[in-house]
Amino acid sequence: MRSFFLTLFLLAALIALALGAGGLWWVHQPLKMSAPSADLSIEPGTTPRGIAQAVANAGVDVQPQLLYWWFRISGQDRQMRAGSYELERGVTPKLLLNILVRGEEATRSLVLVEGWNMRQVRAALGKADQLKPESVGLSDDALMAKLGKPGVHPEGRFFPDTYTYSKGSTDMALLQRAMRAMDKKLEAAWAARAADLPLKSADDALILASIVEKETGKANDRAEIAAVFTNRLRIGMPLQTDPTVIYGLGAAFDGNLRKKDLQTDSPWNTYTRGGLPPTPIAMPGKAALLAAVQPAQSKSLYFVSRGDGTSQFSSSLDDHNRAVNRYQRGGGSSSSSSEPKPKATQ
C-alpha cells in the first residue's frame with residue numbers, strides 16, 4: 001500500500017512538473033495573431049477574465065480561460081490597467097501581462113510648431129494618426145467655450161510643443177493640455193517681466209510675443225526685435241510689422257504682400273492702426289514669451305533683414321535707410337529722393 005501511494009505521489013509530482021514546464025514554455029511563446037497588430041481596448045473596471053476575453057476578441061488566437069489562469073497564477077491579475085493598447089505580432093503571454101501591468105498604451109505624437117496659427121493647428125489635428133476629431137466643425141467661439149474659456153480668441157492660446165497621446169484620444173483633450181501649458185508659460189513669463197514695460201497685461205505680452213516669434217530669423221535677435229516693438233509702443237509709434245497684416249488677410253494671402261494690403265485697414269493692420277493688434281497672430285514659444293517681457297536694453301526703432309536670417313538694427317531713420325540701401329538694394333547709391341516708410345521691417 002505504501003508503495004502504491006508513493007507511486008501515485010511520484011506520478012502526481014511528475015505531472016505537476018510537466019505542467020509547470022509546459023506552462024513556463026507557453027508563457028514565453030509568441031501568441032498567434034490574425035494580423036500584424038491588434039488594437040486592444042480595456043475599459044476601467046474590466047475584470048481579469050474580461051481582459052482575457054478582450055484579448056481574444058481583438059484578434060489574438062488564445063484560449064481566454066488559459067490566459068485568465070495565467071493572469072491569476074502570476075499574482076498580478078489585479079494590477080492590470082485600463083487603456084488603449086496595440087499588440088504586435090510576436091507578443092508572448094508574459095510580455096502581454098507586462099504591457100498591461102505597466103500600462104504601456106499605444107501612443108502617437110503630434111508636434112505643434114512655434115509660429116503656427118490656428119488654421120495650421122487645426123490642419124495638423126485633422127491629419128494626426130488615431131486622434132478622434134471632436135473639434136471638427138466647431139467654430140472658434142464654440143471651441144474655446146468647450147475648453148472652458150468662452151469669449152477668448154483661440155489664436156496663440158496653445159503652447160507649441162511635442163504632445164504624445166494614447167491611441168483613440170481626442171483632439172479636444174490634446175488642445176486642453178496645450179492650452180494649460182501656455183497658461184503656465186505665460187503666467188511664469190509675466191511674473192518675470194521687466195519694469196516699466198508698455199504692456200498692460202499678460203495678454204498683451206502674449207500678443208507681442210507672437211509678433212516677435214513671426215519676425216525672428218535668428219534666435220540671437222529675438223530680444224532686440226522685442227525691444228524695437230516695445231520702444232515703438234512707448235512713444236506711440238505704429239508697429240508697422242508685415243506679419244500682422246498677413247494674419248489679417250487670412251486665407252486670402254497668396255504669399256505676396258502688396259502695397260494695397262498695407263493700406264487696407266483691418267484690426268490687424270499695424271500700419272493703419274496704432275498699438276498692438278487685438279489678438280495674437282501665432283503660437284509663441286517660451287523664448288519669444290521671455291523676449292516680450294524682457295526685451296534688450298536698446299534704443300532701436302527699426303530693423304531690416306541682412307539676407308542671412310539676421311537683422312540690422314537702427315535707432316534713427318537715416319541709419320535705417322542706409323541699412324535698407326545696403327542689404328535690400330544691393331548697396332548701391334539710390335537715385336531716388338524718396339525715403340522708405342519708417343516701418344519696423346522692410
Are any non-hydrogen side-chain atoms of [X] and [Y] less than 4.5 angstrom apart?
{"X": "Leu175", "Y": "Arg157", "answer": "no"}
{"X": "Val60", "Y": "Lys32", "answer": "no"}
{"X": "Ser166", "Y": "Gln130", "answer": "no"}

Side-chain donor-acceptor pair under 3.5 Å between [X] and [Y], yes or no?
{"X": "Thr279", "Y": "Trp268", "answer": "yes"}
{"X": "Asn269", "Y": "Ser266", "answer": "no"}
{"X": "Thr107", "Y": "Thr164", "answer": "no"}

Could you pull out all donor-acceptor pairs under 3.5 Å where a side-chain atom in residues 292-300 meets a protein atom, sequence neighbours excluded?
| residue | atom | partner | partner atom | Å |
| --- | --- | --- | --- | --- |
| Gln294 | NE2 | Ala192 | O | 2.9 |
| Ser298 | OG | Glu224 | OE2 | 2.6 |
| Ser298 | OG | Ser300 | N | 3.0 |
| Ser298 | OG | Ser300 | OG | 3.0 |
| Ser300 | OG | Glu224 | OE2 | 3.0 |

May I ask you to check whether over 12 heavy atoms, not counting those of [X], lie within 6.0 Å of atom [atom1]?
{"X": "Gln120", "atom1": "CD", "result": "yes"}
{"X": "Glu88", "atom1": "CD", "result": "no"}
{"X": "Lys149", "atom1": "NZ", "result": "yes"}

Whether Phe303 and Phe229 hold their rings parallel, tilted or perpendicular, with breakpoints at 30° and 60°: perpendicular
Hey, are [X] and [Y] close enough for a salt bridge, meaning a charged N less than 4.0 Å from a carboxylate O?
{"X": "Arg234", "Y": "Asp196", "result": "yes"}
{"X": "Arg322", "Y": "Asp319", "result": "yes"}
{"X": "Asp77", "Y": "Arg49", "result": "no"}
{"X": "Glu104", "Y": "Arg102", "result": "yes"}
{"X": "Arg177", "Y": "Asp161", "result": "no"}

Matching residue for Tyr271 among Thr264, Asp265, Asp242 - test: side chain to side chain donor-acceptor pair (under 3.5 Å): Asp242
